[in-house]
Amino acid sequence: MRLTKILRGLLAGGVTLVVLCGCVVNPVTGKNEISLIPAAQELAIGEQNYLPMQQSQGGVQALDPALNAYVSDIGQKIAAVSDRDLPYEFVVLNNSVPNAWALPGGKIAINRGLLTEMRSEAELASVLGHEVIHAAAKHSARQMQRGMLLQALVIGTAVVTNDSDYGALAAGAANIGAQLLTQAYSREAEREADAYGIDYMVRAGYNPQGAVDLQRTFLRLAQEAGRSQGPSLTASHPPSSERLALNEAKAQSLGKNGFTGNDTFAAAMRTLSAAQPAFDAYDAGRKALANGDARTAATKAREAIRREPREASFYGLLGDAAVVDKKLGDAVTHYSKALERDRNFFYYFLQRGLAREQLGYLDVAESDLVTSLQLFETAPAYNGLGKIAERQGNTERAKELYARAGNSDTQAGNAARSALLRLDLPDNPSRYLRARTALDSQGQLLIAVDNPNAQTIGSVVVRIRYIDSEGRTRQIERRVPSAIAAGTSRTLATGLGPFANTNQYAVSVVGARLTN
């Protein structure tokens with residue numbers, strides 16, 4: 001991954017970068033700060049991670065496109081008064097978790113679940129102003145620098161966010177954005193985002209009381225019982241009575257003038273507000289499915305559809321329940337209905353493609369899976385395409401696809417690694433088995449073969465090239481007498497020797513097969 005290489009380079013040359021980048025003036029606070037992340041890299045990180053992060057957390061909400069435009073308009077009003085010129089973007093994600101986030105470079109998202117907790121446009125302006133400050137004041141870049149300087153970690157190797165059901169499907173190492181979103185900002189960064197965010201919303205014409213009301217909402221959310229829905233804004237932006245008091249003092253000093261927009265916000269939220277009971281049923285269905293109760297999940301999905309038949313995710317849940325019940329034909333129908341309503345979310349293409357592959361409809365399955373990858377790269381999609389290639393007799397292509405899926409530490413990744421091992425082991429046994437050598441007390445050659453794989457491997461053959469007592473080069477093959485269980489080793493006494501040093505022999509694994 002190119003960004004990972006960039007960050008490795010930054011880490012490896014950290015001392016040099018301190019000299020080269022030195023101190024720069026923060027455009028928001030006016031403070032001198034060390035900057036290890038060049039502005040061009042901030043922009044690249046935000047640009048390359050923005051769309052994957054959207055897909056991993058539910059995709060852009062499609063039930064009410066006008067709401068997306070409304071939120072973007074408010075965000076651009078805030079961006080227009082920012083002290084830092086960035087390519088700011090704002091999206092609404094179809095996610096019930098009350099959250100908002102900013103990537104480096106001004107890429108900002110707010111969840112449907114947070115919008116439904118608000119009551120005014122001023123509160124929305126407060127959230128967006130807070131996130132604009134995180135981007136403008138380089139808070140995410142500061143998090144990355146702190147990792148480089150204090151922990152010697154390369155950002156980009158962390159696990160994906162758990163904000164949704166979808167992030168854990170990602171192929172390979174998680175992206176940088178996911179790592180940043182799981183880290184809480186420092187107290188200093190949060191205070192800056194609060195204080196300067198209020199300045200921004202006031203500059204844009206909004207009543208600063210919205211920031212006070214919002215902070216009270218955060219405290220309420222943090223105090224609610226049963227917070228089992230995963231990380232939310234109160235996890236990455238921890239609220240406190242201190243922050244509420246500071247917001248109140250700041251708002252008091254600025255006066256309670258400016259636009260509040262209760263009515264305009266209510267009008268913009270009319271569709272989502274009316275659909276909230278349907279989303280509540282959907283969330284209950286998702287929880288039931290996670291607990292293995294497909295029947296309840298399907299019931300809740302149908303309830304949600306009765307309340308709001310235009311929402312794609314409800315049909316997606318119905319499809320997922322049908323997959324659990326092994327009703328793959330029904331699942332295809334449900335995913336197709338989801339796609340009739342939203343073709344910009346990877347998950348429905350992925351799930352329909354996987355169901356079609358199992359049903360044997362390989363051409364249309366392949367098309368679905370390829371489309372899903374264009375939206376978001378996942379291990380299940382690569383694994384499914386690997387199965388299709390194998391069934392079509394394209395073994396080399398299947399190996400490539402299984403290898404891509406196998407980069408992921410997921411169920412699909414594990415399945416892909418097993419499939420790759422099955423296909424590639426006979427041709428390249430030395431890739432999967434390690435031969436170690438030693439000499440016994442009489443100088444006789446011993447060979448230990450390690451099997452680090454998750455499956456038992458048998459018919460293991462080693463090739464030994466050695467120099468005999470007369471100085472001639474010889475080659476023989478020996479079979480390991482028994483299968484090697486997963487994660488274990490077998491030692492073979494060759495009877496060759498005595499040898500004085502390792503220069504007299506070389507050993508390689510040349511044959512192996514999976515046991516049935």
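Atoms considered below: every heavy atom in the structure, side chains included; atoms not considered: hydrogens, waters and symmetry mates.
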Check your understanding: Any chance the side chains of T264 and E121 put a donor and an acceptor closer than 3.5 Å?
Key -> yes

Review point. Which atoms form the tightest heavy-atom contact between L103 and A135, and what is the distance?
Key: O-CB, 4.1 Å

Check your understanding: Which heavy-atom pair separates V212 from N247 by the least distance, and what is that distance?
Key -> CG2-O, 3.7 Å

Review point. Does D283 come within less than 4.0 Å of K300, counting only side-chain N to carboxylate O?
Key: no

Review point. Can we say R216 and E123 salt-bridge, meaning some charged N sits less than 4.0 Å from an Asp/Glu carboxylate O?
Key: no

Review point. Salt bridge between R307 and E303, side-chain N to carboxylate O under 4.0 Å?
Key: yes

Point to revise | Nearest heavy atoms of Y206 and A122, plus distance in Å | key: CD2-CA, 4.1 Å

Review point. F314 and A301: which non-hydrogen atoms are nearest, and at how many Å?
Key: O-CB, 3.7 Å

Exercise for review: May I ask you to check whether over 12 heavy atoms, not counting those of Q411, lie within 6.0 Å of atom CD?
Suggested key: no

Practice item. Decide yes or no on side-chain contact (heavy atoms from CB on, under 4.5 Å) for T217 and R220, but give the supporting numbers first. Key: CA-CA 5 Å; T217 297; R220 172 178 59 79; 3.5 Å; yes

Review point. Does a salt bridge link R270 with D64, judged by any charged N lying under 4.0 Å from a carboxylate O?
Key: no

Check your understanding: In Å and rounded to the nearest 0.5 Å, what is the CH2 to CD1 distance from W101 to I110?
Key -> 11.5 Å

Point to revise | For F345, ring pair (Phe, Tyr, Trp, His ring centres under 6.0 Å) partners two or more places apart | key: Y166, Y348

Check your understanding: Given side chains that start at C-beta, do those of V71 and Q61 come closer than 4.5 Å, heavy atoms only?
Key -> no

Review point. When you measure from the side chain of N262 to the backbone N and O of S120, does any donor-acceptor pair fall under 3.5 Å?
Key: no

Exercise for review: Begin from the C-alpha positions of D199 and V81 and carry the test side-chain contact (heavy atoms from CB on, under 4.5 Å) through to its verdict.
Suggested key: CA-CA 9 Å; D199 287 338; V81 301; over 6 Å; no

Point to revise | Under 3.5 Å side-chain donor-acceptor pair for D320 and Q351 | key: yes

Point to revise | Side chain proximity check, L272 to R112, heavy atoms < 4.5 angstrom | key: yes

Review point. Can you tell if the side chain of V60 reaches within under 4.5 Å of the side chain of N94, non-hydrogen atoms only?
Key: no

Check your understanding: Are the side chains of Y70 and L124 in touch, meaning some heavy atoms are under 4.5 Å apart?
Key -> yes

**Study point:** Side-chain (N383) to main-chain (A379) donor-acceptor, under 3.5 angstrom
**Key:** no

Point to revise | R295, CZ atom: more than 12 neighbouring heavy atoms under 6.0 Å | key: no

Review point. Where the side chain of S72 meets the backbone of A69, is there a donor-acceptor pair that is under 3.5 Å apart?
Key: no

**Study point:** Pairwise distance CG(N26) to CZ(R84) - rounded to 0.5 angstrom
**Key:** 8.5 Å

Review point. Looking at the rings of F349 and Y335, which for Trp means the six-membered one, are their centres under 6.0 Å apart?
Key: no

Practice item. Indicate yes or no for a side-chain donor-acceptor contact from Q76 to the backbone of Y88 under 3.5 Å, with no hydrogens or angles considered. Key: yes

Check your understanding: Hey, mind stepping through L221 and E117 against side-chain contact (heavy atoms from CB on, under 4.5 Å) and telling me if it holds?
Key -> CA-CA 9 Å; L221 290 172; E117 298 291 344; 3.8 Å; yes

Review point. So, Y382 side chain and E400 main chain: donor-acceptor pair closer than 3.5 Å or not?
Key: no

Check your understanding: Taking C-beta and beyond as the side chain, do D194 and L246 meet within less than 4.5 Å on heavy atoms?
Key -> no

Point to revise | Min side-chain heavy-atom separation L354-E357 under 4.5 Å | key: no

Study note, to complete from the structure: Closest heavy-atom pair, D325 versus A294, reported as atoms and distance to 0.1 Å, is OD1-CB, 3.8 Å

Exercise for review: Could you tell me whether a side-chain N or O of K107 sits under 3.5 Å from a main-chain N or O of P87, the two making a donor and an acceptor?
Suggested key: yes

Review point. Salt bridge between D83 and R203, side-chain N to carboxylate O under 4.0 Å?
Key: yes

Practice item. Answer yes or no: is there a side-chain heavy-atom contact under 4.5 Å between Y200 and V28? Key: yes

Point to revise | Donor-acceptor contact below 3.5 Å, side chain R417 vs main chain S408 | key: yes

Review point. Does N95 reach the main-chain N or O of G58 with its side chain, forming a donor-acceptor pair under 3.5 Å?
Key: no

Review point. Rounded to the nearest 0.5 Å, how far does CD of E308 lie from CZ of F279?
Key: 7.5 Å

Practice item. Taking the side chain as every heavy atom from C-beta outward, state whether D342 and L63 have any atom pair closer than 4.5 Å. Key: no

Practice item. First locate atom CG of D280, then atom OG of S96, and finally report the distance between them rounded to the nearest 0.5 Å. Key: 7.5 Å

Review point. Is it true that atom OH of Y361 has more than 12 heavy atoms of other residues, nucleotides or ligands lying nearer than 6.0 Å?
Key: no

**Study point:** Gap separating the CZ atom of R404 from the CG atom of L373, nearest 0.5 angstrom
**Key:** 8.0 Å

Review point. Should we count CG of N291 as having more than 12 external heavy atoms under 6.0 Å?
Key: yes

Point to revise | Shortest non-hydrogen contact from M201 toward P208 | key: CE-CA, 4.1 Å

Exercise for review: Begin with the C-alpha distance, continue with both residues' side-chain angles, and end with the deciding distance and a verdict on side-chain contact (heavy atoms from CB on, under 4.5 Å) for N111 and L93.
Suggested key: CA-CA 5 Å; N111 285 1; L93 300 184; 3.5 Å; yes

Review point. Does atom CD of E340 have more than 12 heavy-atom neighbours, drawn from other residues, nucleotides or ligands, at distances under 6.0 Å?
Key: yes

Review point. Would you call D368 and R356 a salt bridge, using N to O less than 4.0 angstrom?
Key: yes

**Study point:** Nearest-0.5 Å distance, CZ of residue R352 to OG of residue S367
**Key:** 8.0 Å

Point to revise | Heavy-atom donor-acceptor pair, Q358 side chain to L328 backbone, under 3.5 Å | key: no

